[in-house]
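These notes concern the structure reproduced below.
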Protein chains: 2
Amino acid sequence: MGLRERKKLKTRVALIDAALDLFLEQGYESTTIDQIAAAVDVSPRTFFRYFGSKEEVALAPATDAQDVFLSELHDRPGTESPFTALAQAMRGAVALLRDGEPEDKQRFLKARQVVEATPTIFAGQMRLMLANERRILEEVARRRGADDLRSQFVTATFTSTIRVGFENCTVEELSDLEGMTKRLEDTFALVDDLMTPDWDR
Amino acid sequence: MGLRERKKLKTRVALIDAALDLFLEQGYESTTIDQIAAAVDVSPRTFFRYFGSKEEVALAPATDAQDVFLSELHDRPGTESPFTALAQAMRGAVALLRDGEPEDKQRFLKARQVVEATPTIFAGQMRLMLANERRILEEVARRRGADDLRSQFVTATFTSTIRVGFENCTVEELSDLEGMTKRLEDTFALVDDLMTPDWDR
DNA sequence: GTAGATTATGTCAGTCCATGACAGATGACA
DNA sequence: TGTCATCTGTCATGGACTGACATAATCTAC
């Protein structure tokens, strides 16, 4: 990797970190692009060369996490039922974060706090999840061998499950991956309980 | 109702109609507040006295529809299971729209087209639905006698069901309540199929 | 290492969304 | 009719974003 590429990556991460710290400190709305840019010592115009909007920088960690999830999903064995594969991919993504760089984990947790505290950002995350849902649907349809209403429902149920799991996290659990994992497992277990056997086949 | 009050209501509806027509004609992003205000012959500043943001005017019909739904939900008999009550309330809300003023119906369908065509507005609608979900959860928890994870899941499943039903609408079905109704019924039937008996009790 | 091509960055000007302040217009009501 | 409350327009401002252009940094080939 050349110097230029490394420098860009560094600036990008610096912008995300500066933005998240400012958002947590003084709130998303009252933080200006000028402040974020000044903290990293770049011009405001440069900020917009890295991120298309103020919202995008707040959602960058979530976006990255979703990419990790999708990559995990593609690695799941084809024998697993759709929902099992989705749940396992989620566990895999969380495990990667847990065993990875502490800085990445911190960044992810900070971003989650910002998302949770800011309605407009929360809506943006929903948009991300729905965009992702299309790619998840492809995988579900592939495993079930049918791109129909039922595949859509399986996919939407997974999205709901993740969402409800996250929503139940208390403030302290938001800064702790273990707590988040437990909430997710509880919700996965409930789905197993309420669905008819092979509902996702 | 006094003249002043009637005039305000008239201006509000005129702003919504003008905005929706412009959004459909030239797209949401490329429509300016100035254009909307000019079409109704008020100052741009006045627009913001009726709507807090450009997004709000696009979501006004959706907001009204959700209020109707909640009111229907409260009217459902207490003997119905939570999910049944939710589905029936939805049917009731659609029926009200079908049998009501043709203009209201047209406005609702136009707004749905704009929502469907504009990602940022779509995200906004998600935010609306999630805000509503809290009030729906109260009703579900009341009927089940427990404000727990399961009540949350029932509520989230309902939201997903509505969303999937709407998503499946083709472009022509978006301008036709009957088509939308059929999609919703298909999705309700699927839920009945995939869930264990009394899953929502 | 130097020249020339690429690409990143800063500066500047401009548009649009959104909000506060104030003054004038209009409906409400005794 | 006169007074009061409320609505509206005008003006000024700040902050998000974008296009255009010049400068500076990196890369590539020699």
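Every chain is numbered from 1 and lettered A, B, ... according to where its sequence line falls, protein lines coming before strand lines.
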message: Between Arg76(A) and Glu72(A), does any side-chain N to carboxylate O distance fall below 4.0 Å?
response: no

message: Can you tell me how the ring of Phe188(B) sits relative to the ring of Phe83(B), calling it parallel under 30°, perpendicular over 60° and tilted otherwise?
response: perpendicular

field: Positions of residues 112-130 of chain A (non-hydrogen atom under 4.0 Å from DNA chain C), listed by number
entry: none

message: Regarding Glu167(B) and Arg163(B), does a basic nitrogen lie under 4.0 Å from an acidic carboxylate oxygen?
response: yes

task: Using a strict 4.0 Å threshold on nitrogen-to-oxygen distance, state whether Glu116(A) and Arg112(A) make a salt bridge.
output: yes

field: Lys182(A) and Glu178(A) ion-paired at < 4.0 Å
entry: no

message: Expressed as a whole number of angstroms, how long is the span from Met1(B):CE to dG27(C):C1'?
response: 15 Å

- prompt: Does any residue of residues 29-60 of chain B have a heavy atom under 4.0 Å from DNA chain C, and if so, which ones, in number order?
  reply: Thr31(B), Thr32(B), Ile33(B), Arg45(B), Phe48(B), Arg49(B), Gly52(B), Ser53(B), Lys54(B)

Salt-bridge contact Arg107(B)-Asp104(B) (side-chain N to carboxylate O under 4.0 Å): yes

message: Would you say Lys7(B) places a side-chain N or O within less than 4.0 Å of OP1 or OP2 belonging to dT26(C)?
response: no

Nucleotide dA25(C), atom C1' - distance to CZ of Arg4(B) in whole Å: 10 Å

query: What is the distance from CZ of Arg6(A) to C1' of dT7(C), rounded to the nearest Å?
result: 16 Å

- prompt: Testing Leu190(B), Thr187(B), Leu184(B) for side chain to side chain contact (heavy atoms under 4.5 Å, CB included) with Thr161(B), which one passes?
  reply: Thr187(B)

query: In terms of side-chain geometry, is the basic nitrogen of Lys110(B) or Asp21(B) positioned less than 4.0 Å from the acidic oxygen of its partner?
result: yes

